[in-house]
> 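My questions all concern the structure below.
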Number of protein chains: 2
Amino acid sequence: MPEADIERICRQHSLPLTAQRRIVLQALSLRPTHPTVDDLWSDVRQAMPEISRTTVYRILETFAHLGVIRKVGHPDSAARYESRTSRHHHLLCLQCGRMEDLDDASLDTIRLPGLKTGFQIEDYSIQFRGLCSRCSAPAKPRLKRRKTAGRTKA
Amino acid sequence: MPEADIERICRQHSLPLTAQRRIVLQALSLRPTHPTVDDLWSDVRQAMPEISRTTVYRILETFAHLGVIRKVGHPDSAARYESRTSRHHHLLCLQCGRMEDLDDASLDTIRLPGLKTGFQIEDYSIQFRGLCSRCSAPAKPRLKRRKTAGRTKA
DNA sequence: ATTGCGGATGCAATAACATTGCATAAATGA
DNA sequence: TCATTTATGCAATGTTATTGCATCCGCAAT
């Protein structure tokens, strides 16, 4: 998320533009894998060692309520956030919990379920579950090596 | 989940069939809305007041690892479980956090993303976000009442 | 029915995750 | 620069989840 966007967002909502807000949103947008609050806190402390964990919690909650970022559901309980709010999908690794974004325009044409659900639906996203490349690779450890020997690099 | 299934599952995995396991799985299958651990603990204590919270945690984790039940991702941090592991989708209320199941065979034909994702995909489910009937109804509170006056029952 | 084994349970302690109250500090607009 | 308003940091507290260990219970062999 470019600096300019962060400024605009704060001004639009009459929120003081603080260094903490800049740096937290910045850190979030640099993380493609839906970090937890503590992941972000670690990142942010590199540049601002005195920032408080509470502040990170608060900033994320504030912007999530504004719809600027999103809190994503993840089976490993611990809040996770993402900076993208436009439609996209998720790849979830059942082994390590890694969650990556997936963009695929052909998935934009899902027929929304009818009103009989009782829900007024605004958007959707698909969660694909499986094994990420890191976790599926070591799945055949007994295989004899051929010439394209496996990189076991975790 | 019928009693017989619970027995079968335990025998298949050589797990002692305890009263606690029976009652926790039973309680989960009676809850259509993806309860938290404490939701289930409350339910279960009606019939078994001395059951420990820790035990409920452990039973759910055990069976989730076996694939008998599933831990679902939910933006409100607190683990939630569901007893259905066959493909189905979710309706999530952004207001109250309620999450309901949606079955719709026409959503079974999603084209899986290719191997270029690096993921080996096993299954997917769609999360539809919006407002549930309870939360979308009071959304126009300034409206003059007509003959179909609103039930304000939260 | 009794016994013995291994795993499950309950409890208490602890850890991990999250929120709140309040004093201080910083951003904004005049 | 000053006043106002809100954010931040800190410490305390609350909530959610896990762990170690003594005891209990399901289960199978007797």
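Treat the numbers as computed from the prediction; the structure is a model and nothing was measured. Chain letters run A, B, ... following the sequence lines, proteins first and then strands; every chain starts at 1.
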> In whole angstroms, how far is the C1' atom of dA17(D) from the CZ atom of R80(B)?
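Whole-Å distance recorded here is 16 Å.
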> In whole angstroms, how far is the C1' atom of dT8(D) from the CE atom of M48(A)?
10 Å
> Expressed in angstrom and rounded to an integer, what is the separation of D76(A) atom CG from dC17(C) atom C1'?
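Interatomic distance, CG of D76(A) to C1' of dC17(C): 13 Å.
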> Between the side chains of R53(B) and D38(B), is the shortest nitrogen-to-carboxylate-oxygen separation below 4.0 Å, so that they form an ion pair?
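Result for this pair is yes, salt bridge flagged.
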> Expressed in angstrom and rounded to an integer, what is the separation of L60(A) atom CG from dT19(C) atom P?
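Distance, rounded to whole Å: 11 Å.
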> Would you please confirm or rule out a distance under 4.0 Å between OP1 or OP2 of dA18(C) and any side-chain N or O of R53(A)?
no
> Could you please name the option among dT16(D), dC17(C), dT19(D) that lies closest to any side-chain atom of D38(B)?
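Within the option list, the nearest is dT16(D).
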> Checking side-chain polar atoms at under 3.5 Å, does H90(B) have a donor or acceptor matched by the opposite partner on E82(B)?
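Short answer, yes.
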> Are E122(B) and R129(A) close enough for a salt bridge, meaning some N to O gap below 4.0 Å?
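Result for this pair is no, no salt bridge flagged.
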> Let's see if you can work this out: which of dT9(C), dA18(C), dT20(C) has an atom nearest to the side-chain heavy atoms of T54(A)?
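Minimum distance to the T54(A) side chain belongs to dT20(C).
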> Side-chain donor-acceptor pair under 3.5 Å between S86(A) and R84(A), yes or no?
yes
> Rounded to the nearest angstrom, tell me the gap between atom CZ in R45(B) and atom P in dT9(C).
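For the pair R45(B) CZ and dT9(C) P, the rounded distance is 17 Å.
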> Figure out the CH2/P separation between W41(B) and dA17(D), and round it to whole Å.
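Atom CH2 in W41(B) sits about 13 Å away from atom P in dA17(D).
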> Using a cut-off of strictly less than 4.0 Å, decide whether T55(B) has a side-chain nitrogen or oxygen near OP1 or OP2 of dG10(C).
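Checking dG10(C) against T55(B), a side-chain N or O does come within under 4.0 Å of OP1 or OP2.
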> Do you see a donor-acceptor pair shorter than 3.5 Å between the side chains of D39(A) and T36(A)?
yes
> Please encode protein proximity along nucleotides 22-30 of chain D as a string of B, S and -, counting only heavy-atom distances under 4.0 Å.
----SS---
> What I want to check is whether the side chains of H34(B) and D101(B) have a donor and an acceptor closer together than 3.5 Å.
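The answer is yes; a qualifying pair exists.
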> Taking atom types as they are modelled, is there a donor-acceptor pair under 3.5 Å from the base of dG9(D) to the side chain of R58(A)?
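Yes, the side chain and the base share a sub-3.5 Å donor-acceptor pair.
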> Rounded to whole Å, please give me the gap between NE2 in H74(B) and P in dA18(C).
14 Å
> Out of V37(B), V24(B), V72(B), L25(B), which residue meets the side-chain contact (heavy atoms from CB on, under 4.5 Å) rule with Y81(B)?
V37(B)
> May I ask you to verify if any side-chain N or O of Y57(B) is less than 4.0 angstrom from the OP1 or OP2 atom of dA17(D)?
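For Y57(B), the contact criterion (side-chain N or O under 4.0 Å from OP1 or OP2 of dA17(D)) is met.
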> Determine the sole option in L60(A), T54(A), I59(A) for which the side-chain contact (heavy atoms from CB on, under 4.5 Å) test with V56(A) is passed.
L60(A)
> May I ask you to say what S77(B) touches in the nucleic acid, namely base, sugar-phosphate or nothing, with a heavy-atom cut-off under 4.0 Å?
sugar-phosphate
> Find which nucleotide of DNA chain D each of T36(B) and E50(A) is nearest to by heavy atoms, and output the residue with the more 5' nucleotide.
E50(A)
> Check the phosphate of dG10(C) against Q20(B), side-chain N and O only, distance under 4.0 Å to OP1 or OP2. Yes or no?
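Yes, within the criterion.
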> Under 4.0 Å between a side-chain N/O of S52(B) and OP1 or OP2 of dC11(C), yes or no?
no
> Using atom CD of E61(A) as one end and atom P of dC17(C) as the other, report the distance to the nearest whole Å.
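One finds 18 Å between P of dC17(C) and CD of E61(A), rounded.
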